[in-house]
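Input: a single structure, listed below in structure tokens.
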Amino acid sequence: MRGLGPSFFALQPAQALPEPTWVAVNDALAAAMGWAGWMTGSEALALLAGNAQPPGGTFATVYSGHQFGSWAGQLGDGRALLLGEADTPMGALEIQLKGSGKTPFSRMGDGRAVLRSSIREYLCSEAMHGLGIPTTRALAVVGSPLPVRRETVETAAVVTRVAPSFLRFGHFEHFAHTAQDIAALRRLADTTVLRYYPELVGSAQPYAALLEAVTRRTAALMAQWQAVGFCHGVMNTDNMSMLGLTIDYGPFGFLDAFDPAHICNHSDDAGRYAWARQPGVALWNLHALAQALMPLIEDTDTALAALEPYKTAYPQAMLAAWRAKLGLRAERDEDGDLIDELLRLMAQDRADFSITWRRLAGFCSAPGAAQAADRAALRDLFLDREAFDAWALHYAERLRAEASVDIERARRMNRVNPKFVLRNHLAETAIQRAREGDFSEVQRLLKVLQHPYDEQPENEADAGFAPDWAAQLEVSCSS
Ligand code: AMP
Ligand code: MG
């Protein structure tokens with residue numbers, strides 16, 4: 001980022017964070033980065049609290065973007081600062097503080113993040129990584145008694161995030177539309193290709209190739225989100241990664257009772273970012289990226305052609321994901337109907353998304369197994385038992401037709417249908433304890449979520465239905 005020149009960022013020291021303490025340290029990530037020893041020292045706490053400066057200083061990048069479908073103009077890292085890039089065994093990683101104080105891009109914001117949202121980001125980044133979904137990572141959370149005003153007065157925290165790059169669609173939109181600096185836009189695109197898409201260097205139309213590569217990664221990411229019932233909540237173009245990573249965890253949620261129209265962000269009145277709309281919104285956002293790249297691509301047809309693969313890549317990836325979740329190996333034309341009918345029943349009866357898929361692994365495909373005990377637990381999730389039985393008959397036939405062996409199929413399904421996802425109530429419990437000064441639940445939950453496909457019988461309670469009080473939890477953009 002720094003090599004791009006001063007029009008891309010502002011040098012900005014972090015604001016001091018009083019009385020910093022570790023809320024959480026991600027030991028597994030620290031070890032993978034080769035930083036485990038360093039993280040135990042006092043230098044790490046000072047640096048990751050924003051109380052010590054790295055030698056080259058810290059900087060905030062400028063971007064713009066579309067928010068809730070409207071052009072929002074200039075945004076930028078309003079509360080994030082890059083500490084720099086580190087060479088690690090995982091490759092080069094940018095290290096970023098979030099919540100480290102005001103920057104020239106803070107607008108009306110205070111530059112801070114609260115403990116609540118910082119714990120949510122920390123846990124969900126690692127939950128997504130555990131699920132095998134591309135994401136920015138979270139190395140640590142530092143807390144402080146510093147009061148921060150949101151709907152109520154909360155306390156401040158700083159999350160350390162790491163990723164190969166935090167480049168967003170919004171960075172490109174900024175230079176195309178706000179700055180209208182095409183030379184800078186070209187430098188940004190060239191650097192992105194060179195650093196993150198080196199396989200595209202030398203292609204006849206590198207900018208269209210970049211757009212297509214981002215399109216394909218985004219399509220794959222959307223299928224992965226949908227398959228685990230993840231709702232991002234704020235899919236604005238400034239929250240879309242140029243590397244196809246999940247980025248900016250705010251009012252996200254995982255589906256409990258299945259409702260395709262589920263809106264996890266309390267501030268999203270129109271449901272623009274409802275679960276079922278995410279793949280379509282991603283394509284809308286890719287069009288915004290295409291528009292930003294137009295000064296470089298020049299030809300509209302070429303840009304549109306680069307977006308075109310989304311229309312096949314996403315449905316193909318999604319169909320493959322549903323098939324895997326059903327434990328199907330062969331591909332048959334009628335699979336789409338089998339999937340649609342199950343989703344329809346789940347939605348109609350508000351069956352729990354994760355639990356339904358997980359219980360499907362135990363489905364007995366033998367003829368006459370309709371009343372078998374191992375099918376009952378699944379059947380119990382549906383109110384319309386007749387409709388479920390009719391679907392189950394088709395599913396059992398379909399499994400037998402590909403000579404599926406139940407035990408082997410269950411093993412495969414349990415590797416794609418997570419037992420543990422970060423439901424709101426789990427995060428909320430960890431947050432409540434942390435507010436009381438007990439951070440052990442954050443670390444315990446982190447360890448559970450790092451292995452979401454394992455049975456973990458000792459953590460059965462974390463795999464259960466959302467309790468009734470979870471329905472009252474309101475997650476908004478306020479963070
Ligand atoms: P978000 O919806 O969280 O992705 O944020 C949108 C924009 O607002 C980004 O440019 C953020 O950096 C900025 N922002 C969000 N919260 C704050 C805050 N408390 N202080 C300063 N800027 C913020
Ligand atoms: Mg953001």
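Counting starts at 1 for both ligands and their atoms, in listed order.
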Which residue holds the protein heavy atom closest to [atom], what is that atom called, and what is the gap in Å?
atom: atom 5 (O) of ligand 1; result: Asp238 OD2, 4.6 Å
atom: atom 21 (C) of ligand 1; result: Gly78 O, 3.2 Å
atom: atom 13 (C) of ligand 1; result: Arg107 NH2, 3.7 Å

Nearest heavy atom to atom 11 (C) of ligand 1, choosing from Ala72, Gly76, Ala60, Gly170, belongs to Gly76
Min over Asp110, Val114, Ile247 of heavy-atom distance to atom 19 (N) of ligand 1 lands on Asp110
Would the [X] and [Y] ring centres measure less than 6.0 Å apart?
X: Phe68; Y: Tyr273; answer: yes
X: His232; Y: Phe252; answer: no
X: Tyr249; Y: Tyr122; answer: no
X: Phe230; Y: Trp275; answer: no

Under 4.0 Å between a side-chain nitrogen and a carboxylate oxygen: does that hold for [X] and [Y]?
X: Arg195; Y: Glu85; value: yes
X: Asp248; Y: Arg168; value: yes
X: Asp352; Y: Arg358; value: no
X: Arg149; Y: Asp110; value: no
X: Arg186; Y: Asp181; value: no

Quick one: does [X] get a heavy atom under 4.0 Å from ligand 1?
X: Lys102; value: no
X: Tyr63; value: yes
X: Met235; value: no
X: Met108; value: no

The residue among Leu422, Val475, Val114 that forms side chain to side chain contact (heavy atoms under 4.5 Å, CB included) with Arg120 is Val475
Can you find an N or O of [X] that's nearer than 3.5 Å to an N or O of ligand 1?
X: Arg79; answer: yes
X: Ser479; answer: no
X: Asn236; answer: no

Total protein N/O/S atoms sitting under 2.8 Å from the Mg ion (ligand 2), waters ignored, is 2
Check each atom of ligand 1 against the heavy atoms of [X] and keep those under 4.0 Å away; list them by number with element.
X: Asn239; answer: 4 (O)
X: Gln67; answer: 6 (C)
X: Asp248; answer: 4 (O)
X: Gly111; answer: 18 (C), 19 (N), 20 (N), 21 (C)
X: Leu75; answer: 10 (O)
X: Gly109; answer: 18 (C), 20 (N), 21 (C)

Is it true that atom CD of Glu441 has more than 12 heavy atoms of other residues, nucleotides or ligands lying nearer than 6.0 Å? yes
Going by the 4.0 angstrom heavy-atom rule, the piece of Arg150 near ligand 1 is side chain
| task | Scan the protein's non-hydrogen atoms and note whether one is under 4.0 Å from atom 8 (O) of ligand 1. | result | yes
Any luck finding a side-chain donor-acceptor pair between Ser100 and Gln15 under 3.5 Å? no
Residues Thr178 and Ser64: side-chain donor-acceptor under 3.5 angstrom:
yes
task = Could you walk me through whether Asp454 and Arg415 pass salt bridge (charged side-chain N to carboxylate O under 4.0 Å, His left out), step by step?
result = CA-CA 8 Å; Asp454 293 356; Arg415 287 199 293 261; over 6 Å; no
Only residue of Arg161, Arg137, Arg116 satisfying salt bridge (Lys or Arg N to Asp or Glu O under 4.0 Å) with Glu121 is Arg161
Taken in chain and number order and not counting sequence neighbours, the residues that satisfy ring-ring contact (aromatic ring centres under 6.0 Å, His included) with Tyr207 are none
